[in-house]
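Down below is the structure, laid out as structure tokens.
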2 protein chains.
Amino acid sequence: MTASTPGRVQSVETTFEVLEYIRDNEGAGVTDVANALSVSKSTAHGHLSTLTSLGYVVKTDGTYRVGLQFLELGHHARARYNLYEAAKSEADQLAQTTGERCQVMVVEDFRGVYIYQTAGEKAVQTDSHIGSTVDLHCTAVGKSYLASLPAADLEAYLEDVSLSARTEHTITDREAFLEELEKIRDQGYALNLEERITGMRAVGAPILTEGGDVLGAISVSVPTTRIEDTVHESDLPEQVQRSARVITIKTTYS
Amino acid sequence: MTASTPGRVQSVETTFEVLEYIRDNEGAGVTDVANALSVSKSTAHGHLSTLTSLGYVVKTDGTYRVGLQFLELGHHARARYNLYEAAKSEADQLAQTTGERCQVMVVEDFRGVYIYQTAGEKAVQTDSHIGSTVDLHCTAVGKSYLASLPAADLEAYLEDVSLSARTEHTITDREAFLEELEKIRDQGYALNLEERITGMRAVGAPILTEGGDVLGAISVSVPTTRIEDTVHESDLPEQVQRSARVITIKTTYS
DNA sequence: AATGTCGTTCGGCAGAAGGGAACAGCCACT
DNA sequence: AGTGGCTGTTCCCTTCTGCCGAACGACATT
């Protein structure tokens, strides 16, 4: 970050750069961090030792790694949404019956965040995991969510972000996107036809409150090569929607 | 923290104090934080706005809350242990068949950390959740772990911590504790007889590698009032041990 | 309309974070 | 076993910056 706005605490920004670096590199040493962030060794060491003394970083075999203490912050943030507990078992069930990957998403700062993810027997590895963020406009979960949003909020979203292309199938035209959302509203579920990752499709449905407000969304992703089989074997859209409804009921009475 | 050791970055310590405060208070405002931490409003504001711009804190309805971005750090730390994926489904199953609460623990800095927790039908609410830390000496998971530790590591642990009493049943005597561990080694599982929370018992078993190294532990907690029934209905120690063994196998081939 | 509370912004100063170099500890390699 | 090169760690010094206090602006409350 070159342009640091006044009133911001720079060392905090540095610390999180350090954290993100050792996260993305599965642990690192002092010199390593110093070089990567272009700071002196003493600076890197200062941050790492501070974080270690706070318990947010652990040092094992001479390499610094992200500590489990972040689980407490992370899980706490997740618990606020009152979705995790209810959605977990439904997602597990969905993954088991379909054999594919299932994810539960909520939205923060106009970005989709997976608060839970579970893999069925046949599920392929993807880049997404618990805590990772995705664009809303090119995912089944994201489109389900947007389609359930009040008009004003949807407007605010479209003002804020751009429908940037992730693959050749991503919907980037605003009008086409609004039509897509309309369609999703009508049918009650969203499809992702390789709009984020080539070769991967997904079926998603919004998770609503009893009052109709959208809390998040749930989806099942399937490789395109298997999508026909999966849809035939089990009516995927229907199953995903049913799971979403069950989660609504569970969250209401808890 | 009054005594700040040289070489430590103070603002990082402050930032995490801020984070922990807004976590423990389910969100807070600037003035609130400033008063609680005895810093000026501008300082609190600086930290909060920095954290917000980094996405680690979100501001909704004028209150700052812990952001979901910590999930990415937390889940990443958890994934390192290669236990979560394998243990999750086993824990779920254990919770379902017993109807009680089941938890999976690993150890970091001589503290037990719950990397997963799931509640069965009858499970009572406790103070523990994903990410929370517990003493090793007064929990079924912790004792299972310690009992499986090489002698040298156990020695290091006993040097480092004190067997402080949590309830009247906590084992605080070193000799008695070593005997307890011996017994646990013999029988292959650990019991917690209200040693951490009055009224709560638990059965735990260590999760080992094929080579015999201990990775963590799994346990089922049951209120004392129900323990007789549960143990009779299902041979709890046997079930917990079986789950632990299944996790070993799963982690080996993944 | 007035008062209290809150969040935000603005300078000024002191303290602290960062840089660099020197020290120490470790492993590998010869 | 000795040596070289790599680490991590510590030290001091400079200067930058994070902290404070106060003033401002935005609300809500009475």
Side-chain angles (χ1 to χ4, degrees), chain A residues 1-67 109 156, chain B residues 1-67 108-109 152 156:
Chain A
M1 303 302 131
T2 45
S4 43
T5 326
R8 301 247 174 90
V9 185
Q10 204 181 51
S11 16
V12 173
E13 294 180 348
T14 309
T15 270
F16 279 100
E17 281 180 38
V18 170
L19 281 168
E20 287 166 11
Y21 180 80
I22 64 175
R23 175 194 63 195
D24 297 339
N25 291 71
E26 314 277 337
V30 173
T31 313
D32 205 353
V33 172
N35 291 338
L37 305 187
S38 304
V39 295
S40 71
K41 274 202 293 181
S42 52
T43 302
H45 181 259
H47 281 276
L48 286 169
S49 72
T50 305
L51 290 166
T52 304
S53 84
L54 292 171
Y56 286 100
V57 161
V58 288
K59 189 172 147 191
T60 42
D61 308 326
T63 57
Y64 293 90
R65 295 172 197 279
V66 176
D109 290 335
Chain B
M1 303 302 132
T2 46
S4 44
T5 325
R8 300 243 177 93
V9 186
Q10 204 180 50
S11 16
V12 172
E13 295 179 348
T14 308
T15 269
F16 279 100
E17 282 179 39
V18 170
L19 281 168
E20 287 167 10
Y21 180 79
I22 65 176
R23 176 194 61 195
D24 297 338
N25 290 72
E26 313 280 337
V30 174
T31 313
D32 205 353
V33 171
N35 292 338
L37 304 188
S38 304
V39 295
S40 72
K41 275 201 293 180
S42 51
T43 302
H45 180 259
H47 281 276
L48 286 169
S49 73
T50 305
L51 290 166
T52 303
S53 83
L54 292 171
Y56 286 99
V57 161
V58 288
K59 188 171 146 192
T60 42
D61 308 325
T63 57
Y64 293 91
R65 295 172 198 279
V66 176
E108 201 172 86
D109 290 335

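Convention: sequence-line order gives letters A, B, ...; per-chain numbering from 1.
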Which letters describe nucleotides 13-22 of chain D, given B = protein heavy atom under 4.0 Å from base, S = only from sugar-phosphate, - = neither?
----SSSBB-
Mind running a 4.0 Å heavy-atom check of residues 24-33 of chain A against DNA chain C and sending the residues that fall below it, in number order?
none
Atom-pair distance (NE2 on A:His45; P on D:dT9), nearest Å
4 Å
OH-CG distance between B:Tyr21 and B:Leu48, expressed to the nearest 0.5 angstrom:
11.0 Å
Nearest-Å distance, CG (A:Asn35) to P (C:dG18)?
16 Å
Atom CG of B:Leu54 and atom CD of A:Glu17: how far apart are they, to the nearest 0.5 Å?
8.5 Å
So, does A:Arg65 use its side chain to make a donor-acceptor pair with the main chain of A:Glu26 at under 3.5 Å?
yes
Would a 4.5 Å heavy-atom cut-off, applied to side chains only, mark B:Thr15 and A:Thr15 as touching?
no
The helix from C:dA1-D:dT30 to C:dT30-D:dA1: angle between terminal helix axes, five bp per end, to the nearest 10 degrees, reads 50°
Under 3.5 Å, is there a donor on one side chain and an acceptor on the other for B:Asp32 and B:Tyr64?
no
Take B:Leu51 and A:Phe16 through the side chain to side chain contact (heavy atoms under 4.5 Å, CB included) test and state the conclusion after the steps.
CA-CA 9 Å; B:Leu51 290 166; A:Phe16 279 100; 3.5 Å; yes
Counting only side-chain nitrogens and oxygens, does A:Tyr64 get under 4.0 Å of the OP1 or OP2 atom of D:dT7?
no
In whole angstroms, the gap separating P of C:dC27 from CG of A:Asp61 amounts to 11 Å
Quick one: pull up CD in B:Glu13 and OG in A:Ser53 and give me the separation to the nearest 0.5 Å.
5.5 Å
Gap between atoms CG and C1', on A:Leu48 and D:dT10 respectively (whole Å):
15 Å
